[in-house]
Amino acid sequence: MKILLTGGAGFIGSHLIDLFLKDDHEVICVDNLLTGSLHNIKHHEGNNKLKFIEHDISSYLDYKDKIDYVLHFASPASPVDYLSHPIETLEVGSLGTFNALELALIKKAKFMLASTSEVYGDPEVSPQKENYWGHVNPIGPRSVYDEAKRFSEATAMAYKRHNHIDVKIIRIFNTYGPRMKKKDGRVVPNFISQALNGEPLTIYGNGKQTRSFCFVSDLVSGIYKVMHSDIETPINLGNPNEFTMLELAQKVSNIAGVKLKTKKMPLPEDDPKQRRPDISKAKKLLGWEPKVNLEEGLKKTIEWFKNA
Ligand code: UDP
């Protein structure tokens, strides 16, 4: 296949490129490098199956050749990144989604949207199933990301219904692994950098809020399966094992071989209290579930951070 991937120089995008090239697909990576980095795809330098276009998909992209699949993954994704780029985040989740969908329409290509567990907001039910409509503050600081992704989903579904594009929507839950930016502000890179630097781990609020962490290799294998499936409605991809941030801090310290030291910090506004995917749909329709447990994934990530 010839795959056009927006956000291909980002954390998840670059792991997808590894997988696509390994399977001999051709990839056109479109990225404006706002939060992504060429470092993430540098190891493919010289591979003529990968083409890089530095471009912000929020502006129209004129691409002449054929495309079989458009994957729209471009967006700041960590709270620190999207809070410091609020307008760009809204643009890429609205104008960017239109431009990516128009490309798919013109090229008669399939389309995949990288959506997020943030569409569920601060969920009042747990675990979150795909049929839960969410609990999102439409004007809070996180709304630039949450509402942009909800708008993206609505846009993708409208193109599907009205223009008959083959659309897949994946809702990605917290994912971690090599190539996360040390300073992207998310909890896993924060805790790992702090532990490796002998600093206290910053616990926001009381640390009892929960997340469920999926190792990146599990996530990309799930994405690949969705791409090849005939699933027509949004699907959760994530690891259903749920931990508090205090538990995570303890695990990171243990694996890094340091004594746990913590520093309390204020809880960010609208920080979800719990998050855990119900992945029964993915299990049933794709035969997919994560294989890498948190200890194993943290070990690999910590090793990578040590050498990065
Ligand atoms: N968090 C924390 N310490 C940090 C960074 C984050 O306690 O140094 C908490 C944050 O408040 C949230 C959870 O970790 O409850 C996950 O935050 P992250 O930014 O990784 O992603 P989110 O799931 O909120 O998008």
Side-chain angles (χ1 to χ4, degrees), residues 10-12 35 73 75-86 89 93 114-124 126-128 134-137 140-150 170-216 219 236-253 256 258 260-277 294 297-298 301-302 305:
F11 162 52
I12 294 174
T35 56
F73 276 62
S75 177
S78 91
V80 166
D81 282 343
Y82 61 70
L83 294 176
S84 48
H85 300 291
T89 303
S115 186
T116 166
S117 53
E118 283 284 329
V119 300
Y120 301 124
D122 187 2
E124 293 160 304
S126 184
Q128 294 83 51
H135 181 229
V136 173
N137 175 356
R142 295 175 87 102
S143 65
V144 298
Y145 185 64
D146 302 8
E147 294 293 12
K149 288 292 187 184
R150 289 169 69 96
I170 50 166
R171 294 190 179 144
I172 302 173
F173 283 65
N174 294 68
T175 301
Y176 69 101
R179 301 194 198 136
M180 289 188 99
K181 290 186 295 171
K182 279 187 186 165
K183 296 210 166 136
D184 89 356
R186 281 185 275 200
V187 68
V188 172
N190 270 10
F191 283 0
I192 294 179
S193 312
Q194 291 158 348
L196 294 180
N197 291 332
E199 295 163 7
L201 276 53
T202 48
I203 306 283
Y204 299 169
N206 63 12
K208 290 190 180 151
Q209 69 273 37
T210 66
R211 295 292 187 273
S212 310
F213 298 99
C214 186
F215 191 63
V216 66
L219 180 83
N236 289 340
L237 291 179
N239 190 313
N241 294 326
E242 188 177 18
F243 297 91
T244 67
M245 295 312 100
L246 287 171
E247 288 168 333
L248 177 71
Q250 187 64 65
K251 278 191 195 295
V252 169
S253 303
V258 298
L260 173 64
K261 286 183 286 178
T262 60
K263 179 171 145 192
K264 287 263 153 63
M265 306 266 284
L267 188 69
E269 200 177 329
D270 294 336
D271 196 280
K273 285 178 275 309
Q274 55 179 356
R275 185 180 290 150
R276 177 178 168 217
L294 188 57
L298 284 175
T301 311
I302 289 174
F305 269 75

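FYI, side chains are in, hydrogens and waters are out, and symmetry mates aren't considered; it's all heavy atoms of this structure. When a ligand or atom number is given, it counts from 1 through the structure's own listing order.
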(Q) side chain to side chain contact (heavy atoms under 4.5 Å, CB included), that's the test. Do I192 and Y176 meet it? Break it down for me. (A) CA-CA 11 Å; I192 294 179; Y176 69 101; over 6 Å; no
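- Without hydrogens or angle criteria, Q209 side chain to Y204 main chain gives a donor-acceptor distance under 3.5 Å.
- A distance-only check finds no donor-acceptor pair linking the side chain of N137 to the backbone of S143 [under 3.5 Å].
- K264 contributes no side-chain N or O that, together with a main-chain N or O of G207, makes up a donor-acceptor pair within less than 3.5 Å.
- Residues with a heavy atom under 4.0 Å from ligand 1: P79, E118, R142, N174, G185, R186, V187, N190, F191, T202, I203, Y204, Q209, R211, M245, P268, D271, R275.
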Q.
Between T210 and T244, is the side chain to side chain contact (heavy atoms under 4.5 Å, CB included) condition met? List the steps.
A. CA-CA 4 Å; T210 66; T244 67; 4.1 Å; yes
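- Side chain of E269 to backbone of G140: no donor-acceptor contact under 3.5 angstrom is found.
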